[in-house]
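A short write-up of the structure that comes next.
As the structure is a prediction and not an experimental result, all values here were calculated from the model. Heavy atoms only: backbone and side chains are in, while hydrogens, waters and symmetry mates are out. Numbered from 1 within each chain, the chains take letters A, B, ... in sequence-line order.
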Amino acid sequence: MSIEYVLVSEGEQDEPIELPTEEDGSLLLSTIAGQYADASGLKYRSGGRLRGLRLVEDRVLPPAEGWSAHRYFCAFPRSDTLSESPRPRCSDLIVLGLPWKTGEDTVREYFAAFGDLLMVQVKRDMKTGLSKGFGFIKFADYEAQLIALGRRHMIDGRWCDVRIPNSKDGGSVAHRKVFVGRCTESLSADDLREYFGAFGQVTDVFVPKPFRAFSFVTFLDPEVAQSLCGQDHIIKGVSVNISTASPKQDRSARSQLLGWGLLDNGAPRVYSWPPDAWQHSAHSAHTHTAPIPDTKPYLKYD
DNA sequence: GTTGAGCGTT
């Protein structure tokens with residue numbers, strides 16, 4: 001049997017690489033590991049189902065139909081798939097508020113600073129060719145998408161918003177913020193930032209002053225925030241409880257939170273960037289690490 | 001030729 005090349009990608013959605021087989025028709029695990037270090041095997045999709053390939057020693061054996069019948073992707077040890085959260089794929093992002101004059105070249109130039117771009121569009125009127133004031137972008141890297149969603153953008157002299165298309169809550173703080181209960185006065189904002197920074201980038205820490213037995217921590221990635229909810233963590237010997245920042249409330253609890261300025265009242269409001277600020281008292285201690293572009297007033301309806 | 005909340009001719 002002669003050497004052939006097998007299409008192997010890391011995940012099912014990723015771009016495949018051609019990997020060479022051995023003389024006996026097998027694919028060495030070490031050959032796979034040369035591209036995907038932690039791969040423990042290969043699988044493929046057949047009739048809507050996933051099938052694993054036979055592994056003998058360090059050799060992955062082809063399916064009965066031969067290598068060329070399928071495209072393959074990597075299997076990883078369970079421990080890895082649990083610890084390394086599989087990063088979501090990038091989605092198209094809508095860019096709202098573009099200046100009329102702004103074209104795709106400028107949009108591309110601006111967002112390239114956040115990461116590689118797979119797509120840039122500025123929507124225009126078919127007849128006149130004039131910009132409709134919005135467009136779409138897609139990043140290659142999900143981290144870049146998170147950064148872009150997490151702030152506003154000054155493009156050609158106008159503040160623009162990046163959101164996930166057709167999602168009301170594209171990157172809203174509600175899903176990025178957690179409530180940290182049972183705090184003691186010994187837990188400073190810096191303590192919380194340092195501790196929770198291990199789980200993902202923290203963009204805001206709120207510790208009420210004067211002391212109350214709770215805090216808020218806001219992450220860049222909503223998935224990090226959501227993954228922590230319901231857990232108890234010990235920080236500097238203090239057992240705190242993490243829950244969603246906007247729990248369902250009965251009326252009395254809700255009115256109390258409203259009194260604290262912690263809940264929305266449903267009316268249009270003007271607030272500053274970062275948007276976290278509007279939920280808290282002006283005397284509260286916020287600390288920031290994320291780049292904060294400006295303090296332009298930001299009208300939001302929600 | 002204008003405009004400023006929204007959601008993509010293919």
Interatomic distance where CG belongs to A:Asn166 and C1' belongs to B:dG6 [whole Å] = 10 Å

Figure out the CG/P separation between A:Leu130 and B:dT9, and round it to whole Å.
-> 14 Å

What's the closest nucleotide to the A:Pro165 side chain, out of B:dT2, B:dG8, B:dG4?
-> B:dG8

Using a strict 4.0 Å threshold on nitrogen-to-oxygen distance, state whether A:Arg152 and A:Asp161 make a salt bridge.
-> yes

What orientation do A:Phe216 and A:Phe179 show, parallel under 30°, tilted 30 to 60°, or perpendicular over 60°?
-> perpendicular

A:Glu22 vs A:Arg59 side-chain heavy atoms within contact, under 4.5 Å = yes

Is A:Ile94 isolated, or which residues cluster with it under the ILVMFWY side-chain rule of less than 4.5 Å, directly or via members?
-> A:Leu96, A:Met119, A:Phe134, A:Phe136

Base of B:dG4 and ring of A:Trp100 stacked, centres under 5.5 Å, planes under 30° = yes

So, A:Ser9 and A:Asp14: side-chain donor and acceptor under 3.5 Å apart, yes or no?
-> no

Carboxylate-amine/guanidinium contact A:Asp232 A:Arg182, below 4.0 Å | yes

Could you check how far NZ of A:Lys127 sits from P of B:dG1, rounded to whole Å?
-> 11 Å

Which comes earlier along DNA chain B counting from the 5' end, the contact point of A:Pro99 or that of A:Arg124, where each point is its nearest nucleotide?
-> A:Pro99

Nearest-angstrom distance from the residue atom CD1 of A:Ile94 to C1' of B:dC7 = 4 Å

Going by ring centres under 5.5 Å and near-parallel planes (under 30°), is A:Phe134 stacked on B:dG6?
-> no

Using a heavy-atom distance cut-off of less than 4.0 Å, which residues of residues 106-123 of chain A contact DNA chain B?
-> A:Met119, A:Gln121, A:Lys123

Here the distance between atom C1' of B:dG8 and atom CE of A:Met126, to the nearest Å, is 13 Å

Protein-nucleotide distance (A:Arg163, atom CZ; B:dG4, atom P), rounded to Å | 17 Å

Going by side-chain heavy atoms closer than 4.5 Å, which hydrophobic residues are tied to A:Phe211, directly or by a chain of links?
-> none

Heavy atoms under 4.0 Å, any strand shown: does A:Leu98 hit a base, just sugar-phosphate, or nothing?
-> base

Round to a whole Å and report the spacing from CG of A:Asp92 to P of B:dT10.
-> 14 Å

Rounded off to whole Å, could you give me the NZ-to-C1' distance for the A:Lys132 and B:dT2 pair?
-> 17 Å

For A:Thr128 and for A:Arg158, locate the closest nucleotide of DNA chain B by heavy-atom distance; then report the residue assigned to the nucleotide nearer the 5' terminus.
-> A:Thr128

